[in-house]
Structures are given as structure tokens and as C-alpha cells.
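For reference, the structure discussed in these notes is given below.
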Amino acid sequence: MNHWDRIEAVIAGEKADRLPVSVWRHRPTLDQTTDDLVAEMIAEQQRFDWDFMKVMSNRLHCVEDWGSEIEWPSTPEFEASVSRYVVERPEDWTHLEVLDPLKGALGREVAVIRQLVAKMGKEIPIMATLYSPLTIAFKLADESGNVVFDHMEKHFDSIVEGLKVISESTRRLASAYMDAGAHGIFYAIQMAGHPRFSKGLYDRFCRAD
């Protein structure tokens, strides 16, 4: 079986020659430009021959275009960190605008998908990475989670307005990834196990009406 045969068999509930396998990791210093990231991911795929490729965009690509100030690492041992968060006060959520997925940092990641699909898509499925809206909110405000939970508990209207903008931006990015040829989406959810994430907050912010 080739990679596609193996993945399709497992999805269909059929027997494959073995379970599909893939591994992924961030690539600091190489994940800030399209060409560098594409070249590194292809080199690693050629070395290990994984069954599918999960695109490892830099961990802050989803907030770059909203103006987060980011300290980029100069060596691969460290990941990027936020030096100034966009959201500091409850009213800051209401200033967010829907992003164009074909411009800026998001456009860079769409270009990564397009290049990888063109070069590797016939050999292996390409999975785009998409952060959940609430995960993006944490990255916009404070990755400890405390600012977001304070606003979820005390400033419902403001943060919901921001989450609506983030959700629409996320929806547009997902569509752009699929239009670029992605074969699927890896939906990344972070902070779900945070000790302040109560059932009440989950029911209010995460459950569909």
C-alpha cells in the first residue's frame, strides 16, 4: 500500500497493511517564510516517509496579522513568544477586524499549503493546521489563560464580539486552505484542560445552541 491507499483504507474502516503513522514538530527560525518551511518539511518527509504531512505553521501565525508584537528566536532551540498582547482590556476585543486569509501571515500559510500540495500532494495527504477561535483568543490576550477567563466570567458581551470576529476569520482561513488544495484540517484546541475552565464556561462558550 502507498500512503494514500493506507489512509483511505483506515478511513473506510477497511484493513490496511499497517496503521498510518506521522510525527510533527515546530521548526523555529524556518517557519517564518514560505520557502524555508516548505523546504524543511519536504526534506523531513523524504527522510522519514510519514503517511501524512501535518503542516507546522509557527505557533503565533494566527495572531500576527492582528498586531501582536512577537519576539522571533534566532536559534531553533526556542519558539517565538509574544512581547505585547493585542488584548489587554475587555474593550480591546471589540476592536478586532476580520482578517483576509490571503494576505499577511495567513496568506503566507496558505501559500505553504499550495506549494506542498503541488510538490507532494500526489504522494501524501497534506493536513493544514487550524487553531480554534478560543485558542486564538488565548494567544491574543495572555497565554496563561487568566485574562481570557477573567473576561469570559465578567465581560461576556465584549469577548463574544471578539470571538465572532475570530470565528469568521478562522472560517475564511479554513476555506482558503481547502481552496489551496489541503486534503484535511488538523483542528488544534488548547487550554481545554485549564483549571479555570469550568463546566459553566464550557456550556456558555463552547456548546452550540
Side-chain angles (χ1 to χ4, degrees), residues 22-32 37 41 52-73 76-88 90 92-93 96 98-99 101 104-106 108-110 112-113 126-156 158-177 182 184-208:
S22 187
V23 172
W24 47 87
R25 62 184 178 87
H26 283 290
R27 297 165 175 82
T29 72
L30 296 174
D31 55 12
Q32 297 166 44
L37 182 55
M41 293 201 67
F52 65 91
M53 182 182 291
K54 190 262 193 187
V55 179
M56 290 303 292
S57 308
N58 80 67
R59 58 183 291 275
L60 297 172
H61 73 279
C62 57
V63 297
E64 287 184 58
D65 293 334
W66 273 304
S68 296
E69 294 182 6
I70 299 170
E71 293 184 7
W72 298 106
E77 290 81 14
F78 301 95
E79 289 191 310
S81 61
V82 178
S83 57
R84 189 188 69 82
Y85 290 98
V86 171
V87 175
E88 298 177 342
D92 291 336
W93 295 111
L96 300 177
V98 176
L99 299 176
L106 300 188
R108 177 188 69 222
E109 303 307 324
V110 172
V112 168
I113 295 293
I126 309 296
M127 308 291 289
T129 297
L130 190 75
Y131 286 116
S132 72
L134 199 53
T135 298
I136 295 172
F138 287 119
K139 294 177 183 290
L140 280 170
D142 173 13
E143 289 188 271
S144 75
N146 290 320
V147 170
V148 170
F149 283 113
D150 285 346
H151 293 177
M152 290 169 74
E153 292 168 353
K154 303 172 185 176
H155 303 282
F156 178 84
S158 294
I159 193 170
V160 164
E161 185 172 340
L163 285 170
K164 288 179 179 178
V165 171
I166 297 170
S167 296
E168 178 59 20
S169 299
T170 303
R171 185 194 67 79
R172 294 187 184 190
L173 180 59
S175 295
Y177 281 151
I185 297 291
F186 182 98
Y187 193 55
I189 301 174
Q190 300 173 355
M191 306 297 285
H194 195 284
R196 290 184 63 180
F197 212 151
S198 65
K199 184 179 184 300
L201 288 178
Y202 176 83
D203 289 342
R204 197 174 191 190
F205 286 90
C206 301
R207 292 179 65 89

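FYI, side chains are in, hydrogens and waters are out, and symmetry mates aren't considered; it's all heavy atoms of this structure. Residues take their numbers from the sequence shown, with the count starting at 1.
Nearest heavy-atom pair across Ala105 and Asp65 is N-OD1, 2.9 Å. Thr29 and Pro73 make their closest contact through CG2-O, 3.6 Å (heavy atoms, listed as atom of the first residue, atom of the second, distance). In this structure, Ile113 and Ala128 approach most closely via the heavy-atom pair CD1-CB, 3.6 Å. Glu79 and Arg59 make their closest contact through OE1-CD, 3.5 Å (heavy atoms, listed as atom of the first residue, atom of the second, distance). Between His61 and Tyr177 the shortest heavy-atom distance is NE2-OH, 4.1 Å. Closest approach of Gln190 and Phe138 over heavy atoms only: O-CE1, 4.2 Å.
Using a 4.0 Å cut-off between charged nitrogen and carboxylate oxygen, Lys164 and Glu168 do not count as a salt-bridge pair. Between Asp31 and Arg108 there is no salt bridge, since no side-chain nitrogen of the basic residue lies less than 4.0 Å from a carboxylate oxygen of the acidic one.
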Next item on the list: Show your reasoning for whether side-chain contact (heavy atoms from CB on, under 4.5 Å) applies to Leu60 and Glu143.
Entry: CA-CA 11 Å; Leu60 297 172; Glu143 289 188 271; 4.2 Å; yes
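A tilted orientation is assigned to the rings of Trp24 and Phe52, their planes being inclined by 30° to 60°.
Distance check, rounded to the nearest 0.5 Å: CG of Leu96 to CG of Leu163 gives 9.0 Å. Within the model, atoms CG of Leu130 and CD of Glu109 stand 11.5 Å from one another, a figure rounded to the nearest 0.5 Å. In this structure, the separation between OG1 on Thr129 and CG on Leu173 is 10.0 Å, given to the nearest 0.5 Å.
Atom CZ of Phe78 has 12 or fewer neighbouring heavy atoms from other residues, nucleotides or ligands inside a 6.0 Å radius.
You'll find the ring centres of Phe205 and Phe149 outside the 6.0 Å limit.
Looking only at distances, no side-chain donor or acceptor of His26 sits under 3.5 Å from a matching main-chain atom of Pro28.
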